2 protein chains.
Amino acid sequence: MGTRHKTAHAGVTREDLADAALRLLERDGAKGLSMRKVAAEVGVQAASLYWHVRDKEELLDLACDALWADFDAPPPHTTDPAGPHSPGGTDDWRPQVAVLARRLRTHLLTRTNAARVLVGRFAPGPRWLDRMESLIATLRTAGFDGRDAADATYLLGTWVQGFVLHESVPMSAAEQRGASPSEATALARRELEELSGERYPNVVALAGDIAGPDMDTRFEFGLARLLDGLEPLRATATPKQAE
Amino acid sequence: MGTRHKTAHAGVTREDLADAALRLLERDGAKGLSMRKVAAEVGVQAASLYWHVRDKEELLDLACDALWADFDAPPPHTTDPAGPHSPGGTDDWRPQVAVLARRLRTHLLTRTNAARVLVGRFAPGPRWLDRMESLIATLRTAGFDGRDAADATYLLGTWVQGFVLHESVPMSAAEQRGASPSEATALARRELEELSGERYPNVVALAGDIAGPDMDTRFEFGLARLLDGLEPLRATATPKQAE
DNA sequence: ACCTGAACACCGTTCAAGT
DNA sequence: ACCTGAACACCGTTCAAGT
C-alpha cells in the first residue's frame with residue numbers, strides 16, 4: 001500500500017513518467033531523454049508509454065509541471081499586524097518580489113538541462129498557479145491594480161526564464177568543448193577586444209563589461225530595473241476609496 | 001559566375017547549409033530539421049555535410065548567425081545637428097531603443113520556428129555585434145555609463161528573446177491541436193475562471209487579464225517598465241565635466 | 001578538396017496480440 | 001486495464017572508398 005519506491009513492478013503512473021523524464025534530462029541532457037529510456041527507467045517497454053501518454057510532447061508537458069514540484073514559494077505577503085501600514089499599499093513588496101524572482105532563478109538553474117528543454121512551454125499546472133496567485137496577491141496589496149499585477153507577473157516570469165535560458169547556455173557555443181567558465185570568459189573578452197576598433201568602438205572599449213559574465217550582478221541589475229519600472233504604477237493612496 | 005542560385009551543382013558553402021537549415025526550420029518546424037533533409041535541400045548526400053561541419057550542433061550555430069542576415073537595424077542614433085542638445089545626454093534614446101526592441105521582436109516572431117530552436121544559443125556572430133554596437137552607442141550618448149549600457153543591452157536582449165519564446169509557444173500546450181488563437185484564449189480564460197475561488201481568488205478574478213493574450217500590449221507594458229527602470233541611471237548632467 | 005554508399009546504433013510511434 | 005514484440009520509417013554519425 002502507499003507509493004512503493006517508484007518502480008514497484010506494476011502500476012506506472014503519469015507522475016512516474018514525469019519524474020523519470022526529469023531525472024534523465026538532468027543526468028544526460030536533452031539527448032538523454034527518449035521514450036525508450038523513460039520506459040526503461042520505470043521498468044517497462046517503450047510501447048507501453050503510449051497507453052499513459054498520447055505523445056512525447058504530452059510527456060514533456062507532464063515533466064514541465066513536475067519541475068515545480070519541489071519549489072516552495074515564500075509565504076504570500078503575511079501582513080505584519082503591528083508593522084507600519086502605509087496608505088493604499090505596503091512597500092515591502094520589493095523584497096518579496098525580489099526573493100521570489102531569485103528563488104525562481106536558482107530553481108531553474110539547478111535544473112539547467114530540464115529548464116533548457118522545458119522553458120517556453122506554458123503548461124500552467126497547479127503548482128505554477130500557486131506561485132502566480134501569491135505573486136499577484138503581493139502586488140495587489142502593494143497597490144497595483146489588477147491588470148498591472150497580471151502584466152507584471154507575466155513580465156517577471158518571462159524575464160527570469162529568458163535570463164536563465166541565456167545563463168545556462170555555454171557562452172561561446174563552440175568553445176565550451178572543455179574550458180572552465182573563467183577561461184571562457186577571458187577568451188570571449190579577448191575576442192571582443194580584438195575586433196575592429198573602428199567598426200566596434202563601444203564593444204571593444206566595453207569588452208570586459210560585455211563578456212562578463214558576472215551573472216549574479218547582471219540578474220540583480222535587471223531585477224532592480226524591473227522593480228524601479230513597476231514602482232510608479234502603484235496607487236500609494238487610492239483617491240476614490242479614501243478611508 | 002558569382003553565386004549561382006544556391007544549389008548550383010558543385011561547391012556547397014557553409015552559408016548554403018545555414019540557409020537551408022533556416023528554410024527547413026521555418027517550413028516544417030523543429031522536427032523538420034535533420035541532417036539528411038538539409039543535405040537533400042542543398043543537393044548532396046547526408047554524409048557530405050560532415051566535411052563542412054563538425055556537428056549538427058555547429059550547423060545550428062551557423063543558422064543562428066544567419067538568422068540575423070536580413071535584420072536591418074535603425075540608423076544608430078544619428079544626432080540631429082540642429083536639434084535640442086540637452087546637457088550630458090539626449091532624451092530621444094527611449095524611442096530609439098523601443099524601435100530596436102520592437103523590430104527585434106517582430107524579426108524573431110516572423111521566424112518563430114527558427115527562433116524557438118535557436119533562442120538561447122549565444123553565438124554572437126558579426127551581425128549581432130552590429131546591433132550591439134549601435135545599441136550601446138545610443139545608450140552612451142544618452143548619458144549611460146559603460147557598465148550600465150552593457151548591462152542594459154544584455155537585459156533588453158534576454159527579455160525580448162524570453163518574451164518571444166513564450167509568445168511563440170502554443171499557449172495551452174495540448175490545446176493547440178487545432179484551435180484558433182482566440183478560441184484558445186477564451187478556453188484558457190474559462191479554465192482559470194473555473195478554478196477554486198477560495199484557493200485562487202486573484203487568479204480567478206483576473207482570469208481575463210491573465211489569459212490575455214494581447215501580446216502587443218504585454219510587450220509594450222514590459223518595454224515601458226524597462227525603459228522607466230533604466231531612466232534614472234542616466235547622467236543627465238555630468239557633474240565633473242561641466243562645460 | 002569534396003562527395004558517396006553502406007553501415008551502426010539509435011529514434012518515435014503503431015498495432016496486433018497477450019494477460 | 002495495462003503491457004509486450006515486432007515492425008515501420010526515420011534519425012546522427014563514421015568510415016572506407018571514390019573522383
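Remember, predicted model here, so these are calculated numbers, not experimental data. Here is how names work: the chains are called A, B, and so on, in the same order as the sequence lines, proteins then strands, and each is numbered from 1.
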Round to the nearest Å and state the distance from [X] atom [atom1] to [N] atom [atom2].
X: A:Leu59; N: C:dG12; atom1: CG; atom2: P; result: 10 Å
X: B:Leu60; N: D:dG12; atom1: CG; atom2: C1'; result: 12 Å
X: A:Gln45; N: D:dT4; atom1: CD; atom2: C1'; result: 6 Å
X: B:Glu57; N: D:dC11; atom1: CD; atom2: P; result: 18 Å

Please determine if [X] and [Y] form a salt bridge, counting it only when a charged side-chain N lies under 4.0 Å from a carboxylate O.
X: A:Asp28; Y: A:Lys37; answer: no
X: B:Arg105; Y: B:Glu167; answer: yes
X: A:Arg27; Y: A:Glu41; answer: yes

Quick check for you: among [options], whose closest atom lies nearest to any side-chain atom of [X]?
X: A:Asp55; options: D:dC3, C:dT13, C:dC15; value: C:dT13
X: B:Tyr50; options: D:dG12, C:dT14, C:dA6; value: D:dG12
X: A:Val44; options: D:dC3, D:dG12, D:dA6; value: D:dC3
X: B:Trp51; options: C:dC15, C:dT13, C:dC2; value: C:dC2

Q) Is DNA chain C part of any stem, that is, at least 3 consecutive Watson-Crick or G-U pairs with both distances under 3.5 Å, and where? A) C:4-8 with D:12-16, C:12-16 with D:4-8
Q. Parallel under 30°, tilted from 30 to 60°, perpendicular over 60°: which one fits the rings of A:Phe163 and A:Phe219?
A.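 A:Phe163 vs A:Phe219 ring planes: perpendicular.
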Q.
OP1 or OP2 of D:dC3 versus the side-chain N and O atoms of A:His52: is any pair under 4.0 Å?
A. yes
**Q.** N/O (side chain, B:Ser48) to phosphate O (OP1/OP2, C:dT4) under 4.0 Å
**A.** yes
Q: Applying ring pair (Phe, Tyr, Trp, His ring centres under 6.0 Å), run through B:Tyr154 and B:Trp159 and close with a yes or a no.
A: CA-CA 8 Å; B:Tyr154 188 83; B:Trp159 173 65; over 10 Å; no
Q) In residues 28-37 of chain B, which ones come under 4.0 Å of DNA chain D, going by heavy atoms? A)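 Heavy-atom contacts with DNA chain D come from B:Leu33, B:Ser34, B:Met35, B:Arg36, B:Lys37.
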Q. How close do B:Val12 and B:His52 get, heavy atom to heavy atom, and via which atoms?
A. O-CE1, 2.9 Å
Q | Side chain to side chain, A:Phe221 and A:Arg225, heavy atoms closer than 4.5 Å | A | yes
Q) Side chains of A:Val42 and A:Asp19: closer than 4.5 Å at any heavy-atom pair? A)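 When only atoms from C-beta onward are counted, A:Asp19 and A:Val42 do not touch, as no gap falls below 4.5 Å.
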Q.
If we ignore hydrogens and angles and just use 3.5 Å, is the side chain of A:Glu133 paired with the main-chain N or O of B:Val203 as donor and acceptor?
A.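 Looks like yes, one N/O pair under 3.5 Å.
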Q. Pick the nucleotide of DNA chain D nearest each of A:Leu49 and B:Ala47; which residue has the one closer to the 5' end?
A. A:Leu49
